[in-house]
Amino acid sequence: MAIDISLVNGTLEAPVQVTVTIGILALQGAFAEHQSALERLDLRDVKAPNVKGRLDKRVCVVLVRTTEDLDRCDALVIPGGESTTIALVARRSGLLDPLREFIKVKPVWGTCAGAILLSKAVVGAKRGGQELLGGMSVTIARNGWGSQVESFEAPLEVAGLKDPQNPYMGVFIRAPVLLSLDQPSEYPPIEIIARLPPDVIPHAVPDSETQNQIQEGSEDPKRAVAIRQGHHLLTTFHPELTQDDRFHEYFVRECVIPTLYG
Ligand SMILES: NC(=O)CC[C@H](N)C(=O)O
């Protein structure tokens with residue numbers, strides 16, 4: 001975050017230019033596509049009631065490969081790719097613990113593999129295990145829809161986005177499936193931002209994995225494909241692979257700006 005204080009007629013004025021710096025973990029996966037989407041955003045369109053002064057028009061994007069890169073960021077995006085590889089490279093780069101500390105205090109958005117890393121528990125990890133970053137009190141199934149050939153697109157119901165009447169085309173590539181949305185008291189409430197249409201059912205997750213988790217009258221967590229918990233956002237699909245930037249706009253508007261200026 002950079003705030004310029006200007007001197008007008010010898011007195012200090014309120015901040016006039018506010019830069020939002022968002023990191024993208026760039027160890028493996030679709031980080032370049034997230035960069036393009038974030039750089040397309042025009043923050044002058046983003047409502048930021050608590051910002052005294054103007055938001056800089058453009059997000060400042062940092063590709064994060066070191067702790068020094070991470071230290072510059074107000075928020076972080078963890079892209080899709082291969083969650084086991086991202087965790088391994090993060091460990092080798094000395095980033096795993098700094099990332100866990102970052103997640104405790106700053107907004108983070110995980111897409112697909114990034115969603116797995118943001119979860120507190122995973123089902124179907126590779127042999128040898130899967131290190132997680134945690135941050136969101138959910139359990140997720142890796143490759144919950146099956147293999148690459150079972151990748152698909154689906155129009156999502158997106159109540160919380162801009163233009164909610166326009167469905168959002170979700171791109172699911174070896175996507176994970178949310179198995180349970182837990183609500184321990186030390187975590188903020190979970191809000192479902194996007195759901196699958198009722199006719200799309202993740203078949204690769206055995207019912208036995210989920211049956212016990214769905215309480216009568218409550219929603220099947222498998223239909224939730226974008227959730228927010230406090231200032232964190234999780235999407236099991238790939239918003240960066242479309243030209244529809246509403247999720248990127250949502251993350252900045254609802255998760256990043258209120259954390260910086262709320
Ligand atoms: N498109 C993706 O990010 C796929 C995620 C991959 N199945 C994993 O486990 O990491």
Side-chain angles (χ1 to χ4, degrees), residues 22-38 63-65 76-93 95-96 99-100 103 108-136 138-156 168-180 193-194 196 200-206 209-210 221-227 232-245 247-248 251:
I22 301 188
I24 307 170
L25 191 61
L27 304 178
Q28 190 266 337
F31 53 85
E33 291 81 353
H34 269 296
Q35 178 174 16
S36 307
L38 283 172
L63 293 181
V64 173
R65 297 190 174 97
L76 183 73
V77 176
I78 306 177
E82 173 53 58
S83 52
T84 320
T85 308
I86 296 175
L88 264 171
V89 182
R91 171 154 297 288
R92 284 194 200 133
S93 319
L95 266 170
L96 216 46
L99 284 167
R100 288 181 177 134
I103 288 170
V108 179
W109 173 18
T111 59
C112 204
I116 297 170
L117 292 167
L118 259 192
S119 300
K120 76 164 175 18
V122 62
V123 167
K126 275 195 182 156
R127 237 181 326 154
Q130 160 84 65
E131 289 200 273
L132 301 176
L133 301 171
M136 297 183 78
V138 300
T139 300
I140 203 159
R142 260 187 97 234
N143 300 339
W145 297 92
S147 63
Q148 185 82 15
V149 289
E150 283 158 295
S151 299
F152 64 98
E153 293 187 6
L156 307 177
Y168 186 98
M169 196 48 81
V171 178
F172 294 81
I173 304 171
R174 284 184 305 116
V177 171
L178 284 162
L179 296 184
S180 70
I193 309 298
L196 286 168
V200 184
I201 309 289
H203 54 84
V205 180
E209 300 275 10
T210 56
K222 287 181 288 181
R223 286 195 59 217
V225 291
I227 58 166
H232 297 326
L233 179 65
L234 176 159
T235 53
T236 61
F237 51 96
H238 286 272
E240 76 285 7
L241 299 185
T242 70
Q243 293 295 308
D244 187 338
D245 296 331
F247 272 97
H248 291 82
F251 180 60

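Every number for a ligand or one of its atoms is a count from 1 in the order of the listing.
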> Counting only nitrogen or oxygen atoms and a 3.5 angstrom limit, does His238 reach ligand 1?
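Yes; at least one N/O pair falls below 3.5 Å.
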> Could you work out, for atom 5 (C) of ligand 1, the closest of Gly81, Gly80, Pro176 by heavy-atom distance?
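Considering heavy atoms of Gly81, Gly80, Pro176, the nearest to atom 5 (C) of ligand 1 sits in Gly81.
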> Would you say the side chain of Leu234 lies within less than 4.5 Å of the side chain of Thr236, judging by non-hydrogen atoms?
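Yes. Closest side-chain heavy atoms under 4.5 Å.
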> Show me which atoms of ligand 1 lie under 4.0 Å from any heavy atom of Asn143.
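Heavy-atom distances to Asn143 below 4.0 Å select 6 (C), 7 (N).
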> Who passes side-chain contact (heavy atoms from CB on, under 4.5 Å) against Arg142, sequence neighbours left out?
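For Arg142, the residues satisfying side-chain contact (heavy atoms from CB on, under 4.5 Å) (neighbours in sequence not counted) are Glu82, Ser83, Thr84, Ile116, Val122, Lys126, Gln130.
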> Describe, in one word, how the ring planes of Trp109 and His248 are oriented to each other, choosing from parallel (under 30°), tilted (30 to 60°) and perpendicular (over 60°).
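The arrangement is perpendicular - the two ring planes meet at more than 60°.
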> Got the closest protein heavy atom to atom 8 (C) of ligand 1, with its distance?
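Looking only at protein heavy atoms, the one closest to atom 8 (C) of ligand 1 is Ser83 OG, 3.4 Å.
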> How are the rings of Phe152 and Phe172 set to each other: parallel, tilted or perpendicular (split at 30° and 60°)?
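Rings of Phe152 and Phe172: parallel, under 30°.
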> Looking only at protein heavy atoms, which one is nearest to atom 2 (C) of ligand 1, and how far off is it?
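Result for atom 2 (C) of ligand 1: Cys112 SG, 2.8 Å.
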> Would you kindly specify which portion of Arg142 sits under 4.0 Å from ligand 1, judged on non-hydrogen atoms: side chain, backbone, both or neither?
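Arg142 to ligand 1: side-chain contact only, backbone stays beyond 4.0 Å.
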> Within the 4.0 Å heavy-atom shell around Ile116, which atoms of ligand 1 are there?
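Here the atoms of ligand 1 in question are 8 (C), 9 (O), 10 (O).
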> In terms of ring plane angle, is the pair Phe237 and Phe247 parallel, tilted or perpendicular, where the classes change at 30° and 60°?
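If you compare the ring of Phe237 with that of Phe247, the planes turn out perpendicular.
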> Is there a side-chain contact between Ile193 and Ile227, using heavy atoms and a 4.5 Å cut-off?
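Heavy-atom side-chain distance check fails, nothing below 4.5 Å.
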